[in-house]
Amino acid sequence: MTSNLRPDYGIETLGKAEPCLTEAIANPATSPTMDSTPLDADEQMSTDNDAIIEDPEAYIARTKSLDDFYEELIISRAPPEVRDENKPSASASQDEVAAYRERVFNHKKTRHRFVFQVWPRDPKGDCIRPGEGKPGKMTPNNQQIWGATLLDFYTVNRLPSAPSYVTYSSGSRLARWMKEHGETEAQDMIERQEDEPDPQLILPTDIGRLITDNEFLLPNKSWAPEKVDPKGKAKEKKCWELPEVVSTSIGICPSYSWHAHTIYASQWPPPSPFHPSAYPRPWPTEPYSNDFLIRIPTLQHYIRQSLLPRKLVVHDPWGLLRADTISGPQLREQQQQSWREQKDIRYHYKLQNSATNTKRRERDDEEAKADEEKRRKIRETFLADPNTRNALPKGFLIHRGELKPGPCVPPIFIVLPFLPDRDQPDEAHLYIAPAGKIGEGHHSFVYRAELELPRNQLIKERVCKKCVLEDMHDIIREQDGDHNERRDPKWDKNAGTYVLKTFRQPMVVTTMINNNTGKEEEYILKEGKVTQELKYEGPFRVIESRVQYSDLSKRPYCKHLQEQLIHPLTSKVEVAAKLSKYGDAHLAREAENYQAFPRHFFEHWSGYNIISPLHDPVPVGPVVPQFYGYYVVDNGGGKSVGTQEDQSTMEVDQKSQEEDSADDTRSMGLSQTWPDESTAEDQKKQEGSYSGYLSPILLLEKCGNPIDPAELSIDDKCESASLVYRFHEEGWIHGSIARRNIREADMGQTGASGQISASLAAMQRTIDDYDSMTKREIIKAKQEKAQMRVQKFRTDYAELRSQFERLKGEVATAQQEANRAELVSASSASPLTPSDSRRRFLNTPANSTIHPGLRPQSEPISESPFRGTTPQPGIGSREFRALDEHSFIQNTDSRLDEFLAQGREVLDNLRDQRNILKGTQRRILDAANTLGLSRDVIGWIEKRSTQDTYIFLGGAVFTFFCFYLIWSYLG
């Protein structure tokens with residue numbers, strides 16, 4: 001049943017559970033690999049409470065795990081009507097008992113998050129008055145009851161003499177109050193709460209990693225144009241070599257005939273990331289493509305308002321910016337049309353920032369500036385005094401000699417160049433089509449849109465490690481000389497030392513009565529570990545690197561990266577684009593609200609809060625979708641219309657006619673004036689008549705589907721309610737609390753499964769590479785350590801692979817059941833997965849002047865624009881045929897993910913074979929050269945042997961002649 005545990009049961013710091021907690025350290029052992037390792041059964045160590053484990057292995061075998069503890073606790077706290085329903089008898093089999101426990105555990109009415117600990121009070125203690133004392137640990141939302149885990153919440157008697165006067169609180173808040181008032185009744189719990197971790201900001205998945213992985217999946221990437229010379233032979237050009245042909249056109253949008261437009265490599269970079277020459281093959285990809293290799297991630301990161309693009313070029317072939325209502329057969333016909341079949345109509349928009357709600361924008365800019373100054377100061381301080389007593393800047397640490405405790409020569413620290421903060425991008429492109437329609441309200445339309453941004457705004461600049469090491473050797477050679485004749489002797493003296501620090505984590509256990517057996521059982525809430533860390537203390541030899549960060553939009557890649565990184569200068573992400581109907585000014589007011597919201601409305605923090613009047617802990621997730629800008633029509637930019645074939649010609653003509661127009665991708669305007677939107681007449685004056693109306697655009701995070709209260713568990717309902725209470729705690733009023741305005745992320749996307757498969761395949765490839773490097777290690781001790789790490793990596797990989805396959809099977813089963821229920825029922829509401837949800841409010845318009853909201857609709861809006869009408873009961877075998885077709889599509893999706901992973905493995909194997917063949921070719925050439933040299937040497941030897949024979953014969957004749965003369969005259 002552990003597979004059904006919710007993901008928020010991870011325990012990092014443990015409090016003291018009722019009725020008792022004991023600590024025991026079971027056999028601490030050293031870890032030569034300096035990793036966190038479980039304790040072995042070699043030695044014993046007692047704790048403060050003299051808890052000694054005689055036989056650790058037997059003790060661990062008879063105790064239960066943390067998952068077992070939560071499972072038993074949750075089942076025991078389930079509602080009586082849930083526990084009494086179909087309760088097995090005493091003679092029931094183990095399978096029947098397990099099925100009963102699983103049903104109770106997963107029941108919607110069973111709470112998984114609740115407070116189950118009691119903080120003991122001194123009978124003579126003071127009264128805990130509301131609002132008294134300093135608050136405990138908190139997140140920026142200023143909710144005073146926060147805990148890192150469920151074991152950090154307690155019920156406590158405010159007045160010890162009044163047992164019924166009970167309140168809820170957090171361990172950190174109670175510990176601080178107890179220390180202030182000198183109450184030491186629970187000193188061990190006070191000490192335990194001091195180890196509670198601080199709140200941590202939880203960031204979404206790295207969007208840069210998703211983009212680079214998706215770029216890697218596309219085949220046949222090349223900067224070389226598909227051209228043929230006059231003789232009919234293809235030009236031989238490396239795929240990573242930058243273009244060499246000058247383009248005279250100045251394009252501002254990616255069309256599909258841009259592969260022939262390139263510039264000289266010496267003139268790199270292009271004038272704009274959207275320049276035609278900035279796209280290698282097979283980019284630019286078609287918007288809203290059905291190609292399973294083209295995976296566009298959803299943008300979920302918080303972006304400062306000062307980093308939003310100044311200008312937005314909107315591609316709207318279907319004229320959706322007119323905000324006309326399209327439904328029925330016309331909508332389905334447009335959704336089936338391909339982007340290539342349409343004329344690319346472009347409109348120019350500009351960013352419209354609020355002139356009044358600037359508090360968050362100014363604070364974000366101040367924090368970014370302070371962070372940049374802090375990083376600069378750390379770097380300058382370290383360069384002035386390179387020692388471990390100062391904070392280390394961004395760089396590489398190169399150890400010299402063997403890593404072992406004791407004195408050592410100073411290692412080398414390579415300080416990288418300072419990387420300033422990103423600049424605000426001038427331009428972005430938005431692609432909108434009927435296929436991405438999410439829903440329609442009384443005031444607006446919402447579309448799933450593709451936003452194309454400069455790549456360096458989403459992906460951090462990297463530095464080539466090989467270039468850094470080569471530069472380090474060059475600098476050392478310049479400083480020390482070719483033969484170390486100018487080397488400073490202090491670099492060869494033991495001026496520093498390696499210190500081995502050991503951190504022991506005791507085993508934390510608790511006891512609890514088992515409801516089935518009635519016996520007291522022990523549970524291991526935290527296994528004992530020993531962590532060792534080898535740290536260097538002392539001076540460094542500093543090398544200030546001259547290698548710049550690699551950014552293709554600024555300079556070509558180095559020789560080490562140019563073959564690996566073939567990609568355009570832009571990247572696409574998915575967002576939600578909200579359009580306003582003609583004569584309705586609510587969208588501007590909504591944009592004002594998003595710019596006035598506090599930042600913690602957009603952030604996800606670790607731990608839990610208890611939000612009044614709720615009594616159960618709830619996650620501290622985001623309240624509203626991310627805000628990515630409010631854009632209005634740039635009248636100076638106008639619009640441009642044309643087919644895919646004549647884009648470049650049109651751009652040249654338009655450029656020649658309007659040199660100051662917004663077609664120049666390097667000249668952007670930003671108006672700081674907020675338009676008056678009090679009446680529809682003012683908007684008519686600004687936008688023109690209805691026939692020429694273009695809606696403003698509000699870009700938000702695409703945050704999933706509306707919730708279905710019937711499918712939510714009691715925990716999910718509390719979490720949804722907490723969003724409303726947190727919203728009101730900040731002084732905002734939501735004008736339309738409807739289920740469509742609380743959304744949860746759909747985690748069952750095709751791209752996620754393929755992304756994980758590709759990542760696992762890359763992980764296996766990395767492990768294999770590391771294993772091959774291990775076998776080439778010369779030093780035996782290092783080789784053994786590396787082999788241990790490889791074995792651990794392979795074990796982790798196998799575990800991750802098995803978990804992924806198990807979860808994938810569970811998701812497929814649940815999806816199949818959901819599809820069957822949807823196809824055969826009369827309800828159009830699709831079941832959701834509450835445990836994987838990420839709920840947020842949609843900021844919707846209402847009559848409130850503080851926070852407008854969408855007015856209620858008579859029917860729920862489906863997230864998927866391709867979902868048709870729901871089949872009605874009694875339609876015969878059509879349900880089964882539709883179900884078979886849907887199952888076939890789902891199976892095809894899974895097979896495509898498998899083929900994708902296999903293709904990546906095949907590609908990696910082909911690369912290995914290429915390297916092997918190159919090595920074999922090099923060895924054959926070396927052998928041929930060696931054979932040629934040996935042949936010449938043998939010829940020289942034979943020639944010299946013949947000469948030596950003649951010399952020997954001549955010498956022998958001369959010697960015998962001398963003997964004859966001596967014998968004749970002296971004999």
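If you're wondering where the values come from, they're calculated on a predicted model, not measured in any experiment.
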Q: Would you confirm whether Thr212, through its side chain, and Arg209, through its main-chain N or O, come within 3.5 Å as a donor-acceptor pair?
A: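 Here the side-chain-to-backbone pair exists.
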Q: So Arg455 and Glu215, do their side chains get closer than 4.5 Å, heavy atoms only?
A: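 They are in side-chain contact.
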Q: Please report the closest heavy-atom contact between Pro280 and Ser222, naming both atoms and the distance.
A: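 So the minimum-distance heavy-atom pair works out to CB-O, 3.3 Å.
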Q: Find out whether Leu565 and Arg462 are in side-chain contact, i.e. whether some heavy atom of one side chain is under 4.5 Å from a heavy atom of the other.
A: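 In short, these two side chains touch, coming nearer than 4.5 Å.
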Q: Taking all atoms of both residues into account, what is the closest heavy-atom pair of Val409 and Asn494, and its distance?
A: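 The pair with the smallest heavy-atom distance is N-OD1, 3.5 Å.
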Q: Is it the case that more than 12 heavy atoms not belonging to Tyr964 sit under 6.0 Å from its OH atom?
A: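 Count not over threshold, so no.
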Q: CG of Leu419 to OH of Tyr549: how many Å apart, nearest 0.5 Å?
A: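 One gets 5.0 Å once the value is rounded to the nearest 0.5 Å.
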Q: Between Tyr536 and His399, do the side chains contain an N or O donor and an N or O acceptor separated by less than 3.5 Å?
A: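 Result is no, nothing qualifies.
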Q: May I ask you to decide if Ser945's main-chain N or O and Thr949's side chain share a donor-acceptor pair within less than 3.5 Å?
A: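 A pair under 3.5 Å: yes.
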Q: Do any N or O atoms from the side chain of Asn484 and from the backbone of Asp480 form a donor-acceptor pair under 3.5 angstrom?
A: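 Checking the backbone N and O of Asp480 against the side chain of Asn484, no donor-acceptor pair under 3.5 Å is found.
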Q: Hey, could you give me the CG/CG distance between Asp385 and Asn390, rounded to the nearest 0.5 Å?
A: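 Rounded to the nearest 0.5 Å, the CG-CG separation comes out at 4.5 Å.
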Q: Please check if the number of heavy atoms outside Arg944 that lie under 6.0 Å from its CZ is greater than 12.
A: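 Open: at most 12 neighbouring heavy atoms sit under 6.0 Å from CZ of Arg944.
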Q: Should Phe216 and His567 be marked as a ring-ring contact (aromatic ring centres under 6.0 Å, His included) after you check the CA-CA gap, both sets of side-chain angles, and the distance that decides it?
A: CA-CA 9 Å; Phe216 179 82; His567 56 76; over 10 Å; no
Q: Check whether any side-chain heavy atom of Lys572 lies under 4.5 Å from a side-chain heavy atom of Thr285, and answer yes or no.
A: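 Side-chain contact under 4.5 Å: yes.
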Q: How long is the span from the CG atom in Leu403 to the CG atom in Leu500, to the nearest 0.5 Å?
A: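 With rounding to 0.5 Å, CG (Leu403) is 11.5 Å from CG (Leu500).
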Q: So, taking the atom named NZ in Lys501 and the one named CG in Leu534, what distance separates them when rounded to the nearest 0.5 Å?
A: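 Those atoms lie 10.5 Å apart.
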Q: Any donor and acceptor pair, going by atom type alone, linking the side chain of Thr497 with main-chain N or O of Glu537 inside 3.5 Å?
A: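 It does not hold such a pair.
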Q: For Ile378 and Leu392: C-alpha separation, side-chain torsions, deciding distance, then whether side-chain contact (heavy atoms from CB on, under 4.5 Å) applies.
A: CA-CA 7 Å; Ile378 289 175; Leu392 300 181; over 6 Å; no
Q: Using 30° and 60° as the class limits, which term best fits the ring planes of Phe960 and Phe963: parallel, tilted or perpendicular?
A: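 Judged by the thresholds at 30° and 60°, the geometry between Phe960 and Phe963 is perpendicular.
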Q: I want to check something: taking the side chain as every heavy atom from C-beta on, are Ile211 and Ser571 in contact at a cut-off of under 4.5 Å?
A: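 Side chain of Ile211 against side chain of Ser571, heavy atoms only: contact under 4.5 Å found.
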Q: Could you check whether Asn456 and Ser553, counting side-chain N and O atoms only, form a donor-acceptor pair closer than 3.5 Å?
A: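 Yes, because at least one side-chain N or O of Ser553 sits under 3.5 Å from a partner of the opposite role on Asn456.
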Q: Run the ring-centre check on Trp223 versus Trp283 and record whether the distance is less than 6.0 Å.
A: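 Centroid separation for Trp223 and Trp283: 6.0 Å or greater.
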Q: Any salt bridge linking Arg400 with Asp492? Criterion: basic side-chain nitrogen under 4.0 Å from a carboxylate oxygen.
A: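 Yes, Arg400 and Asp492 are salt-bridged.
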Q: Kindly check if the number of other-residue, nucleotide or ligand heavy atoms within 6.0 Å of CZ (Phe503) is above 12?
A: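 Yes - once you tally the heavy atoms of other residues, nucleotides and ligands closer than 6.0 Å, there are more than 12.
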Q: In terms of side-chain geometry, is the basic nitrogen of Asp371 or Lys374 positioned less than 4.0 Å from the acidic oxygen of its partner?
A: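 So Asp371 does not pair with Lys374 through a salt bridge.
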Q: Pair Thr502, Thr531 - check side-chain contact (heavy atoms from CB on, under 4.5 Å), show working.
A: CA-CA 6 Å; Thr502 303; Thr531 303; over 6 Å; no
Q: Can you find a heavy atom in the side chain of Leu416 that is under 4.5 Å from one in the side chain of Phe396?
A: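 They are in contact (side-chain heavy atoms under 4.5 Å apart), so the answer is yes.
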Q: Side-chain contact test, heavy atoms from C-beta onward, threshold under 4.5 Å: evaluate it for Val547 versus Pro417 and give yes or no.
A: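 No; the side chains remain at least 4.5 Å from each other.
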Q: Which heavy atom in Gly208 sits nearest to a heavy atom in Ile459, and how many Å separate them?
A: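 Closest pair (atom of Gly208, atom of Ile459, distance): CA-CG1, 3.6 Å.
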Q: Calculate, to the nearest 0.5 Å, the distance between atoms CD1 and CG belonging to Ile398 and Leu469 respectively.
A: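 So the CD1 of Ile398 and the CG of Leu469 are separated by 5.5 Å.
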Q: After noting the C-alpha distance and the side-chain angles of Glu470 and His560, does the key distance pass the side-chain contact (heavy atoms from CB on, under 4.5 Å) rule?
A: CA-CA 11 Å; Glu470 292 175 357; His560 307 114; 3.2 Å; yes
Q: Examine distances only and state if a side-chain atom of Glu485 and a backbone atom of His483 form a donor-acceptor pair shorter than 3.5 Å.
A: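 Indeed, once roles are kept as given, a pair shorter than 3.5 Å links the two residues.
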Q: Kindly check if the number of other-residue, nucleotide or ligand heavy atoms within 6.0 Å of CG (Asn220) is above 12?
A: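 Check fails, neighbour count at 12 or below.
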Q: Could you state the interatomic distance from CZ (Arg789) to CD1 (Ile767), rounded to the nearest 0.5 Å?
A: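 So the gap between those two atoms works out to 14.0 Å.
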Q: Would you kindly say whether Arg541 and Gln479 are connected by a side-chain donor-acceptor distance under 3.5 Å?
A: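 There is such a pair between these side chains.
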Q: Whether the side chain of Thr570 engages the backbone of Leu453 through a donor-acceptor N/O pair (distance < 3.5 Å, no angle test) should be reported.
A: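 Here the side-chain-to-backbone pair does not exist.
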Q: Side chains of Ile412 and Val542: closer than 4.5 Å at any heavy-atom pair?
A: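 Side chain of Ile412 against side chain of Val542, heavy atoms only: no contact under 4.5 Å found.
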Q: So, do Ile543 and Val415 sit near enough that their side-chain heavy atoms are less than 4.5 Å apart?
A: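 Not in contact.
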Q: Is Glu544 salt-bridged to Arg379, cutoff N-O under 4.0 Å?
A: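 Counted as a salt bridge, because a side-chain N and a carboxylate O are separated by less than 4.0 Å.
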Q: Looking only at non-hydrogen atoms, find the nearest pair between Cys464 and Cys558 and report the distance.
A: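 Taking every non-hydrogen atom into account, SG-SG, 3.6 Å.
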Q: Which is it for Thr946 and Lys943 under the side-chain contact (heavy atoms from CB on, under 4.5 Å) test, yes or no, and what are the steps along the way?
A: CA-CA 5 Å; Thr946 304; Lys943 184 177 180 181; 5.9 Å; no
Q: Salt-bridge test for Glu478 and Arg546: reply yes if a basic N is under 4.0 Å from a carboxylate O, no otherwise.
A: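 Salt bridge: yes.
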Q: Identify the heavy atoms of Pro539 and Pro410 that sit nearest to each other, and give their distance.
A: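 Heavy atoms of Pro539 and Pro410 come nearest at O-CB, 3.6 Å.
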Q: Please report whether the ring centroid of Phe382 lies less than 6.0 Å from that of Phe540.
A: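 Yes, the ring of Phe540 comes within the 6.0 Å limit of the ring of Phe382, centre to centre.
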Q: Could you tell me whether Glu461 and Lys554 have a side-chain N and a carboxylate O separated by less than 4.0 Å?
A: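 Answer for the salt bridge query: yes.
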Q: Under 3.5 Å, is there a donor-acceptor pair between the side chain of Gln457 and the main chain of Asp423?
A: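 At least one qualifying donor-acceptor pair exists.
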Q: Flag the pair Glu372 and Arg376 as a salt bridge only when some basic side-chain nitrogen lies within less than 4.0 angstrom of an acidic carboxylate oxygen.
A: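 Salt bridge between Glu372 and Arg376, a charged N being under 4.0 Å from a carboxylate O: yes.
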Q: Indicate yes or no: does Asp551 engage Arg555 in a salt bridge with an N to O separation below 4.0 Å.
A: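 Salt bridge between Asp551 and Arg555, a charged N being under 4.0 Å from a carboxylate O: no.
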